[in-house]
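Only heavy atoms go into these numbers, but all of them, side chains included; no hydrogens, no water, no symmetry mates. If you read the sequence from its start, that first residue is 1, and numbering goes on from there.
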Amino acid sequence: MNLSTLSSLGLTEREIAIYQALIELGPASIRDLAAKTAINRGTTYETLKVLVTKGMVNYLPKGKRRVFQAEDPDRLLDLAEEKRHQLEATLSELKTDIIPGLKHLKPEFSSGNVRFYEGDDGVEWVLRDILNSVDKLSDKAYCVVSTQALREHLYRPFPTFTRQRIAKGIHVRVLAIGEGGDEAELAERKWLKGEGDASYIAIYPPKVAMISLADNNYPVVVVIDSDAIAGTQQMMFDTLWQNL
């Protein structure tokens, strides 16, 4: 039986080992526990004190000594509930106080708002970021400008992207430059004549992602996180879309 999962409850390896030994032995002395776990007596005693404070172990006198016994394993559920409540409280504080406060300290625009990626890993990062970001919006939609020259390379590192987009109920509008481009559910597509250099622009405010191809069709990715830039790109896209 592997109890390593209990580390997620804040228990150390020694605490888990000693608790398990107490379950197996029943009430036991420090000497018995040290022998069972191969942990020296001093460390065993200090660990037992911690387990007592966590409500995992109790003790009772036996002559001039103490013997220790494990609390019922159901106590683990109580620990898990306590951790869950602590996590929920932390999440709430992060959302309502800490993150807004940190964002308030952040300059409106800095080098931290621009990220660079390369290769198929970079393309996959952007595609996953689109799914994760748009999925959190009330209006699950984003826009794309895509050239024919780049389309064949786009989903190479993430072939299930379209299927996952549809499963999440995310809509996309695509301005396709050049011929091609497969029709798909929850997608509208309009075409622009021409070819254009290999490029792909995704607008998912507050972000704009741009992918181009360097030598040997090597993808280069730039992501800009800016309400102002994303808003301008969105306005230009909408204007062009309405006039096609």
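- In the hydrophobic cluster analysis, where Ile, Leu, Val, Met, Phe, Trp and Tyr join through side-chain heavy atoms closer than 4.5 angstrom, Val172 is grouped apart from Ile166.
- For Gln233, there are no side-chain hydrogen bond (donor to acceptor under 3.5 Å, both in side chains) partners at least two apart in sequence or on another chain.
- Sorted by first and then second residue, the side chain to side chain donor-acceptor pair (under 3.5 Å) pairs involving residues 33-47 (not counting sequence neighbours) are Glu24-Lys36, Asn40-Thr43, Glu46-Lys49.
- Note that Arg173 lies outside the cation-pi zone of Tyr142, set by a 6.0 Å cut-off to the ring centre and a 45° limit from the axis.
- No donor-acceptor distance shorter than 3.5 angstrom exists from the side chain of Ser133 to the backbone of Ile130, with no hydrogens or angles considered.
- Residues that satisfy the ring-ring contact (aromatic ring centres under 6.0 Å, His included) test with Tyr19, not counting sequence neighbours, are absent from this structure.
- Pairs of residues two or more places apart, or lying in two chains, that qualify as side chain to side chain donor-acceptor pair (under 3.5 Å) and include a residue from residues 205-217 are Asp129-Lys207.
- Sorted by first and then second residue, the ring pair (Phe, Tyr, Trp, His ring centres under 6.0 Å) pairs involving residues 219-244 (not counting sequence neighbours) are Phe237-Trp241.
- Here the rule is side chain to side chain contact (heavy atoms under 4.5 Å, CB included) with Leu22, and of Leu48, Val67, Leu51 only Leu48 fits it.
- Counting non-hydrogen atoms of neighbouring residues, nucleotides and ligands closer than 6.0 angstrom, the CZ atom of Arg163 reaches no more than 12 such neighbours.
- Applying the ring-ring contact (aromatic ring centres under 6.0 Å, His included) rule to Tyr117 yields the partners Trp125; only residues at least two apart in sequence or on another chain are considered.
- Rounded to the nearest 0.5 angstrom, Asn132 CG and Ile170 CD1 are separated by 8.5 Å.
- Contacts of Tyr59 classified as ring-ring contact (aromatic ring centres under 6.0 Å, His included), with partners at least two apart in sequence or in another chain: Phe68.
- With no hydrogens or angles considered, no side-chain donor-acceptor pair links Gln242 and Asp238 at under 3.5 Å.
- A donor-acceptor contact shorter than 3.5 Å is absent between the side chain of Arg66 and the backbone of Ile30.
- A donor-acceptor pair under 3.5 Å links the side-chain atoms of Thr12 to the main chain of Glu15, judged by distance alone.
- Checking Arg128, Arg165, Lys140 one by one against Asp135, the salt bridge (charged side-chain N to carboxylate O under 4.0 Å, His left out) holds for a single residue, Lys140.
- Of the inter-residue distances, the one linking Ile177 atom CD1 with Ser146 atom OG reads 8.0 Å to the nearest 0.5 angstrom.
- Asp121 pairs by the salt bridge (charged side-chain N to carboxylate O under 4.0 Å, His left out) definition with nothing, not counting sequence neighbours.
- Applying the salt bridge (charged side-chain N to carboxylate O under 4.0 Å, His left out) criterion to Glu71, with sequence neighbours excluded, gives no partner residue.
- Taking Arg65 as the reference, nothing meets the salt bridge (charged side-chain N to carboxylate O under 4.0 Å, His left out) condition, with sequence neighbours excluded.
- For Glu188, there are no salt bridge (charged side-chain N to carboxylate O under 4.0 Å, His left out) partners two or more places apart in sequence or in a different chain.
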Under 3.5 Å, which donor-acceptor pairs link side chains of residues 86-94 to any protein atom two or more places apart or in another chain?
unit_1, atom_1, unit_2, atom_2, d
Glu88, OE2, Arg84, NH1, 2.8
Thr90, OG1, Gln86, O, 2.9

